[in-house]
Participant: 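Dropping a structure here in structure tokens format, bear with me for questions.
Both counts, for ligands and for their atoms, begin at 1 and track the order of listing.
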Amino acid sequence: MTLRDKQLPAFFRKFTFPVAFIFYLISGQVVAQPATVIPIESQQNALAIGIDAEKRAGVIYFGAKLNNASEYQHAPAMYRQGDDYSGILHSAYTPSGSRNLVEPAIWVTHADGNTSLDLQYVSHQVQKTDNNVSTTSILLRDPVYGLEVTLYYKVYAQENVIEQWSVIKNNEKGNVTLHKYASANLYLKASEYYLKHYHGDWAKEMKTEEIRLTPGIKVLDTKLGTRANLYQPPTFMVSLDKAASETEGRVLYGSVEWSGNFRIDLEVDPLNNLRVIAGINPHASTYTLAKGQEFTTPMFVYTYSEHGKGEASRNMHRWARKYKIMQGNGSRLTLLNNWEATYFDFNETKLAELIKDTKKLGVDMFLLDDGWFANKYPRNSDNAGLGDWQENVKKLPHGIGYLVKEAQNNQVKFGIWVEPEMVNPKSELYEKHPDWIIRQPGRSEHLYRNQLVLDLSNPKVQDFVFGVLDNILTKNPGVAFFKWDCNAVIYNAYSSYLKDKQSHLYVEYVRGLYKVLQRFRAKYPELPMMLCSGGGGRVDYGALQYFTEFWLSDNTDPLERIFIQWEYSYFFPAISHDNHVTDWGKQPIKFRTDVAMMGKLGFDIVVSELKAEDLKFCQDAVSTYKSISDVVWHGDLYRLANPRENDFASLMYVNEAKNRAVMFNYLVSNRYGAGSGSPVKLGGLEPAKKYQVKEINLYPGTKTDITGETSYSGNYLMTVGYNPMVNARRASVILEITEAK
Ligand code: GLA
């Protein structure tokens, strides 16, 4: 008997193979209809899980929602892609060691040493949180070992977003070892798959590639422990059939909500279907689950659109603003930061001057950066003092309190930088608590930016890290903002606290970090906080639920920044992007400020050294920004001209009522004649409404022809478009689009 024969039910095997197979095809039984179908639907999309006669759960449909949910069951029978000998290529959570032959979602060793796992459907339920949010859970159990996995799908209907995770429960008589324990396992069908993924390094965040996936596995992962994004963020998108554009095409956006090692497997299987397995990186992270214990994976968040990348972004943004990022629909503080203005070289008098400049500029807050602490080993450069969080008495003889007061006297707020997870070997903390540091006992230390990482798996270290922030706030209740930095990766991973459970370190580190952040948020639920990690080394939705915003990159060259901000904009809303005007790059202050305005505006320049006209421009820009920030922060984003494909970048934000929009345009080429030769088609407006288009944020003394005198219908602006007239003399142009009254 051939292998093929074995796949056929006994009745058909009575005949010779070709005859049997033809009968079998005609009978329509090549792919049996699932016995039970669990539709998981948002407003536009559906993921249908089918339970077959052998009780195995598989993805039988992923795509646009059907009008009639009872029809998902017919989908599998429409495909003739070849044989799935295992019957579980489309598994909703692929187990290892039984019949599976491809990349597993879960791989375990049972209490008795056996390594096989089979998962069979037991039950499912749907829990409604409110009219928009509901969670479907599917309980699976190994019939031999009793090990259970519950798959959770939390659906945000209006936003068309799903958060998916798994809970693994050890019902065995002893310890179970988890070798791989993914959050989610998806299965997509298309003729071709185009992956857009990201990579980079310090100051080179969000470099991107869009590639066709070929059979085999493409792995996106990180093994850095902290600062996990330094090389690769846990964020990607896959277009189905062809690379999606902004307005057309089928596209899935996904991101692992985890601030540590992650791994995403994208496997084009032998049937040309795409298996996506995402979660914690199993690398060096075998996890022992004691009898009766559960392991809850982080969430994997995804959205899907049949109308291109733009809609997928807007789904993500709406979801993030409403459900994930702290105060996502709130407001943000504009600020003046002193990092690039002073680096470590400051004192009380200098800072008091900068606080006055903050007021002069018109921004909301002064943010004191690195260098304010440590006495035995003063923090005068990045090689000393980290860990010793007492004010440096030479620089700040009257403490933080004095600066908070100075800020109050100038009617601005005061924020401060911390990097509580880290330690310099030249510090008192290092001398006092060597056992709190992650490092191999028998090996020489390997430093990253002259520092080491504290062992957050240790509850004492968690107390310490919480204490760094809590002490500042207890002593200085006027502190209004934290910038939480994290500059080093984990080398020589070893925890003296975890003893014989070393392979738990990467997981427990992140759990420890989240415990601290949860404790912080329980006590200080409102305090705005910036997520920073030597630039954008740690940007993910796991961390962002505790933060109001993030620092995208230390690279603030506005030209570079256009590309970096553009790429982040696919996944993270503008209200979470902290953009500072600095002295990086050669562009004039207007260009730098215009670029920083497409997010949360901040400055990190020496205000006192600005030419009078530049200062005037900045002051005006701050008040202009205040008048448009509502649209930028809470509006819908439309990317109009991609800087990778054009001489310029163009994008706009439209408010919910569609009566106000702001369009940003930036020249990215200095070739002869570069600029916007043709009109740019706008997006998101109401076709029937009339709009005035007016150029704003002009440099003092410059004039514009775009004055808002003519009004255009939304239909015209979205069909013919509007030319922002970007060219070498008008390298950045901001247009305000307002409904004509
Ligand atoms: C990191 C941050 C910077 C700055 C420095 C201070 O590099 O990304 O913005 O805060 O640390 O040391």
Participant: Any idea which atoms of ligand 1 are less than 4.0 Å away from a heavy-atom of D369?
Facilitator: 4 (C), 6 (C), 10 (O)
Participant: Step by step, would you call W551 with H580 a ring-ring contact (aromatic ring centres under 6.0 Å, His included)?
Facilitator: CA-CA 9 Å; W551 184 231; H580 294 178; 4.5 Å; yes
Participant: Tell me, which protein residue and heavy-atom name are nearest atom 7 (O) of ligand 1, and how many Å apart are they?
Facilitator: D554 OD2, 2.8 Å
Participant: Got more than 12 heavy atoms from elsewhere within 6.0 Å of NZ, K204?
Facilitator: no
Participant: Using a 4.0 Å heavy-atom threshold (strictly under), name the region of C532 that reaches ligand 1: side chain, backbone, both or neither.
Facilitator: side chain
Participant: Closer than 4.0 Å to some heavy atom of W551 - which atoms of ligand 1 meet that?
Facilitator: 8 (O), 9 (O)
Participant: For the residue pair W372 and W389, categorise the inter-ring angle as parallel (less than 30°), tilted (30 to 60°) or perpendicular (more than 60°).
Facilitator: tilted
Participant: Could you tell me, atom by atom, which parts of ligand 1 come under 4.0 Å of a heavy atom of G534?
Facilitator: 1 (C), 7 (O), 8 (O)
Participant: Checking R538 against F547: charged group under 6.0 Å from the ring centre and within 45 degrees of the axis?
Facilitator: no
Participant: Looking at D370, which atoms of ligand 1 are within less than 4.0 Å of one of its heavy atoms?
Facilitator: 6 (C), 12 (O)
Participant: Output the list of atoms in ligand 1 that are nearer than 4.0 Å to some heavy atom of N487, sorted by atom number.
Facilitator: 1 (C), 7 (O), 11 (O)
Participant: Any idea which part of E340 is under 4.0 Å from ligand 1, heavy-atom wise: side chain, backbone, both or neither?
Facilitator: neither
Participant: Output the list of atoms in ligand 1 that are nearer than 4.0 Å to some heavy atom of G535, sorted by atom number.
Facilitator: 8 (O)
Participant: Does atom NE2 of H398 have more than 12 heavy-atom neighbours from other groups under 6.0 Å away?
Facilitator: no
Participant: So, are R379 and D370 salt-bridged, with charged N and O less than 4.0 Å apart?
Facilitator: yes
Participant: What protein heavy atom sits nearest atom 2 (C) of ligand 1, and how far away is it?
Facilitator: D485 OD2, 3.1 Å
Participant: Exactly one of V363, D364, L368 should register a side-chain contact (heavy atoms from CB on, under 4.5 Å) with F366. Which one does?
Facilitator: L368
Participant: Any nitrogen or oxygen of W202, side chain or backbone, less than 3.5 Å from one on ligand 1?
Facilitator: no
Participant: Which of the atoms in ligand 1, numbered in the order shown and given with their element, are less than 4.0 Å from a heavy-atom of K483?
Facilitator: 3 (C), 4 (C), 9 (O), 10 (O)
Participant: Quick check: R449 and ligand 1, any N/O pair under 3.5 Å apart?
Facilitator: yes
Participant: What orientation do F466 and F520 show, parallel under 30°, tilted 30 to 60°, or perpendicular over 60°?
Facilitator: perpendicular
Participant: Can you see whether F481 has K413 sitting over its ring - NZ or CZ less than 6.0 Å from the centre and within 45° of the normal?
Facilitator: no
